[in-house]
Amino acid sequence: MSEYLSRLNPEQRAAVETVDGPLLVLAGAGTGKTRVLTTRFAHILMTRRAFPSQVLAVTFTNKAAKEMRERVAAILGEPAEGLWLGTFHALCARMLRRHAELVGLQSNFTILDTDDQMRLLKQIMSAANIDAKRWTPQVLMATIQRWKDRGLVPSGITAAEDVDFANGRARELYAEYQERLRQVNAVDFGDLLLHVTQILQHHADVLADYHRRFRYILVDEYQDTNTVQYLWLRLLAQRPQGQDQNICCVGDDDQSIYSWRGAEIENILRFEKDFPGATIVRLESNYRSTRPILGAASHLIANNAGRMGKTLRAGRNDADGEQVQVVSLWDSEEEARMVGDRIEQGQRKGHRLSEMAILVRAGFQTRAFEERLITLGVPYRVVGGQKFYERAEIRDAMAYLRVLNQPADDLAFERIVNTPKRGLGDTSIRSMHALARAENKPLVVAAWRMIETGAVRAKPKQALHELLEGFARWRAALPHEGHVVVAATLLDESGYTEMWKQDKSPEAAGRLDNLKELLRALGEFETLAGFLEHVALVMETDEKADADRVSLMTLHAAKGLEFDTVFLPGWEEGLFPHQRALDESGDKGLEEERRLAYVGITRARKHCIISNAANRRIYANWTSQVPSRFLDELPEAHVTRDGGAGNHRNKMAAAPSAFAGQFPLVARKPRVIEAGAWEVAERPARSAGIPVGQRVFHQKFGYGTVIAADDNRLDVEFEHAGRKRVIDTFVEKA
DNA sequence: ACCGGCCAGATTTTT
DNA sequence: TCTGGCCGGT
């Protein structure tokens with residue numbers, strides 16, 4: 001037996017060796033999904049069932065694609081060349097470049113970023129006289145994206161579906177948007193899938209060609225596919241009667257957390273119907289986490305209806321371990337202190353910071369933890385957040401490069417024509433637009449025309465002339481000077497770098513560094529066009545995961561990662577589950593939130609600490625928070641509860657737990673420390689019951705008398721500020 | 001053409 | 001509380 005097969009357990013082997021016919025692999029968290037996928041890929045090649053170019057392997061992220069490529073190469077013992085392995089978008093971009101003319105594009109089309117899309121939509125909306133206050137371009141963009149996710153072209157949208165926006169004009173605006181994109185030879189992300197699907201549907205010869213080419217199809221994270229991705233896959237996988245449909249989809253319905261982006265969990269639930277005769281293999285042996293962690297996660301997710309059904313078993317020999325801990329705290333600041341303290345304790349025990357993570361529901365939550373970690377001097381990194389290629393200076397520079405590459409890229413030209421300021425305001429740009437539209441020519445052509453005809457004032461005219469001549473010069477220099485040198489020259493001569501050198505804001509220096517980094521990245525590509533394609537599709541730089549740092553990120557960003565220790569703060573109603581998910585999607589929304597909780601817990605290998613705060617500052621004021629219903633859904637057998645502060649939901653938890661004190665980490669120590677040493681001046685007494693009639697002092701409102709008390713909230717008649725409701729920890733007895 | 005002040009909004013975001 | 005987008009003044 002081949003060596004690579006011997007390393008698999010029986011269920012994994014079944015998933016690898018079932019090569020012919022449709023196969024769905026339901027892979028629970030930590031069950032070796034990636035190993036199965038890559039081994040299967042290699043197995044197909046090793047057994048000579050197909051050449052590398054005859055396998056189509058699709059992922060959602062570039063990271064996953066990269067990892068698969070590397071691991072397949074490792075098994076094969078040589079770099080895997082000529083593969084069709086990549087993200088949905090990258091593969092579609094590749095296909096679309098080959099057949100662009102079938103949808104009215106040229107093969108050198110531009111892939112727009114969201115800024116460009118937004119600008120285009122704003123133009124279209126204002127041209128259509130839509131009240132931008134009532135109907136925002138953001139909403140229109142989301143609407144169009146959702147249609148594209150569903151594989152709908154403008155003509156495919158029924159009037160009934162078009163009622164939400166601008167009195168049923170969204171469809172018309174969508175059509176106009178698509179038309180404008182075609183005029184500027186550009187596509188947005190959604191178009192990559194949409195156009196290719198259209199091509200495959202309407203051009204039998206093209207489809208037949210891909211059918212001949214792809215003998216095996218592998219799909220990762222199938223639970224996250226949206227409708228258009230599903231259609232695309234089905235078109236490629238479906239074969240005439242009698243031929244095997246060799247499609248293998250790997251996924252986990254319990255980890256579907258992207259419905260708000262158009263993902264359809266139904267796709268995975270419906271697999272057997274879509275592909276009759278499909279085999280289903282379940283991977284349930286978890287090699288990542290301890291038994292209590294698996295027990296907690298399984299018990300929680302069992303509250304969801306409509307699952308494929310799957311039970312995680314502990315596959316590790318050392319699976320016994322510490323209970324999952326639920327810690328209830330007074331407020332969000334105390335929560336941050338608790339997490340910070342435990343991180344320090346872990347550090348003292350020799351745990352690596354890179355093996356600890358704080359996973360939050362919403363981005364704003366990271367701030368409290370950042371502040372705390374800074375105070376403690378604990379290095380951390382925030383994963384996600386603003387990406388390199390989303391920064392303004394990078395987008396500007398990219399726009400310059402796009403114009404250099406393709407003069408007809410109107411959106412890019414528009415972005416930089418007055419950046420840095422060249423005295424070209426609204427008026428000049430609008431007349432430039434008008435001319436371009438009238439003659440159906442790109443903006444640059446219109447700009448030249450305006451210079452020739454003197455349709456602009458002297459000052460803007462000269463600035464424009466200088467810019468256009470610059471582009472001609474830089475473009476001419478490309479062949480002999482190379483793209484890196486030309487790019488550097490361009491940024492200097494256009495005045496762009498000078499703009500940031502003049503800028504006195506504290507970020508300016510960093511921006512100049514980023515521009516240097518951009519040039520370095522550009523140097524790794526042989527052509528400018530290749531670089532632009534890469535940036536449009538990848539949108540991330542290779543992160544150097546060098547230093548030993550705590551990771552801070554959203555639960556969404558954490559999918560697919562794992563850590564020894566995971567902190568899951570903020571388990572409070574309204575925050576997690578998030579109110580908006582409940583409002584907008586009801587029970588479905590709740591179930592997705594629960595899956596998110598499941599994803600969070602299953603990131604942990606050994607220690608999982610869940611917390612909630614009774615009070616949290618949201619925007620300006622303190623709000624009292626009800627503990628999350630998910631806390632009640634955790635099984636007592638695997639959970640230790642500590643700290644009753646404000647735990648209204650579960651009275652039992654307020655009583656000392658039978659396990660309290662058994663583990664050093666569970667002790668109430670953190671709270672004792674903070675009470676004595678932290679913010680004593682500002683936050684003196686923990687209420688300890690302030691009686692009605694008590695005279696009190698408040699930092700902001702001054703002196704007053706308590707007239708009513710309701711749990712932790714006090715109604716106080718202040719001598720100067722009047723009657724206010726305050727949280728009791730904010731006052732002291734006077 | 002540009003700057004400063006005011007008001008609304010504030011989840012998640014693989015490409 | 002903080003930020004970003006829009007409007008009105010210079």
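Below, read A as the first sequence line, B as the second, and so on, with proteins coming before strands; counting in each chain starts at 1.
- At the heavy-atom level, A:Glu584 lies under 4.0 Å from base atoms of the strands shown.
- In this structure, A:Trp260 packs face-to-face on the six-membered ring of B:dT12, meeting both the 5.5 Å centre cutoff and the 30° plane limit.
- For A:Arg367, whose side chain is taken as the heavy atoms from C-beta onward, the closest listed nucleotide among C:dC2, B:dT14, B:dA1 is C:dC2.
- The nearest pair of heavy atoms linking A:Glu533 to A:Ile111 is OE1-CD1, 3.8 Å.
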For nucleotides 3-10 of chain C, just jot down a letter per nucleotide in 5' to 3' order: B, S or -, based on protein non-hydrogen atoms under 4.0 Å.
----S---

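- The side chain of A:His556 sits closest to B:dT12 out of B:dT11, B:dT12, B:dA1.
- A sub-4.0 Å separation between OP1 or OP2 of B:dT14 and a side-chain N or O of A:Thr87 is absent.
- Following rounding to the nearest Å, A:Asp149 (CG) and B:dT14 (P) show an atom-to-atom distance of 14 Å.
- Residue A:Arg361 places a side-chain atom within donor-acceptor reach of the base of B:dT12, judged by atom type and a 3.5 Å distance cut-off alone.
- In this structure, the CD1 atom of A:Ile429 is 10 Å from the P atom of B:dC2, given to the nearest Å.
- For the pair A:Thr38 (side chain) and A:Arg35 (backbone), a donor-acceptor distance under 3.5 Å is present.
- Residue A:Tyr258 is classed as a base contact, given a heavy-atom separation below 4.0 Å to a base.
- Contact check, A:Asn62 against B:dT15: a side-chain N or O comes under 4.0 Å of OP1 or OP2.
- Heavy-atom distances to DNA chain B give each of A:Glu592 and A:Ser428 a nearest nucleotide, and the one nearer the 5′ end belongs to A:Ser428.
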Checking A:Gln229 against A:Asp224 for the side-chain hydrogen bond (donor to acceptor under 3.5 Å, both in side chains) test, could you report, in this order, the C-alpha distance in whole Å, the side-chain angles of both residues, the deciding distance, and whether it holds?
CA-CA 9 Å; A:Gln229 288 161 341; A:Asp224 287 333; over 6 Å; no

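- Using a 4.5 Å heavy-atom cutoff, the side chains of A:Trp232 and A:Leu91 are in contact.
- Picking from B:dA1, B:dA10, B:dT13 the nucleotide with the shortest atom distance to the side chain of A:Arg580 gives B:dA10.
- Backbone-only engagement by A:Asn418 is indicated by non-hydrogen atom pairs under 4.0 Å involving sugar-phosphate atoms exclusively.
- Atom pair A:Leu91:CG and B:dT14:C1' shows a separation of 14 Å (rounding to whole Å applied).
- For A:Asn226, no side-chain nitrogen or oxygen approaches OP1 or OP2 of B:dT15 to under 4.0 Å.
- When the P atom of B:dT13 is taken as reference, atom CG of A:Asp224 falls 14 Å away, rounded to whole Å.
- Between A:Leu424 atom CG and B:dC2 atom C1' there is a gap of 14 Å when expressed in whole angstrom units.
- Atom pair A:Leu359:CG and B:dT12:C1' shows a separation of 13 Å (rounding to whole Å applied).
- In the interface, the side chain of A:Arg261 is paired with the base of B:dT15 through a donor and an acceptor atom under 3.5 Å apart.
- Annotation: of the two residues near DNA chain B, A:Thr61 and A:Ala581, the 5′-most nearest-nucleotide partner is A:Ala581.
- Taking the six-membered ring where tryptophan is involved, the planes of A:Trp147 and A:Tyr174 are essentially parallel, since the angle between them stays under 30° and well short of 60°.
- Here the separation of C:dG4 from B:dT11, taken at their P atoms, is 14 Å to the nearest Å.
- Across the protein-nucleic acid pair, A:Phe388 atom CZ and B:dT13 atom C1' stand 20 Å apart, rounded to whole Å.
- With contacts defined as side-chain heavy-atom distances shorter than 4.5 Å, the pair A:Phe531/A:Leu401 qualifies.
- Contacts of A:Gly560 with the nucleic acid, taken as non-hydrogen atoms under 4.0 Å apart, are absent.
- For A:Asp188 and B:dT15, the CG to P distance is 16 Å, given to the nearest whole Å.
- Judged by distance alone, with hydrogens and angles left aside, the side-chain atoms of A:Arg391 form no donor-acceptor pair with the main-chain N or O of A:Arg511 at under 3.5 Å.
- With distances taken from any side-chain atom of A:His578 to the nucleotides B:dA1, B:dT14, B:dT11, the minimum falls on B:dT11.
- In this structure, A:Lys421 reaches the sugar-phosphate backbone alone: every heavy-atom distance under 4.0 Å involves primed, P, OP1 or OP2 atoms, never a base.
- Of the candidates B:dT15, B:dT11, C:dC2, B:dT15 carries the atom nearest the A:Leu537 side chain, counting heavy atoms from C-beta on.
- The phosphate of B:dA1 (OP1 or OP2) has a side-chain N or O of A:Thr427 nearer than 4.0 angstrom.
- Counting heavy atoms from C-beta on, the side chains of A:Gln365 and A:Leu575 come closer than 4.5 Å.
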Chi angles and distances behind the ring-ring contact (aromatic ring centres under 6.0 Å, His included) call for A:His578, A:Trp260:
CA-CA 13 Å; A:His578 201 282; A:Trp260 49 275; over 10 Å; no

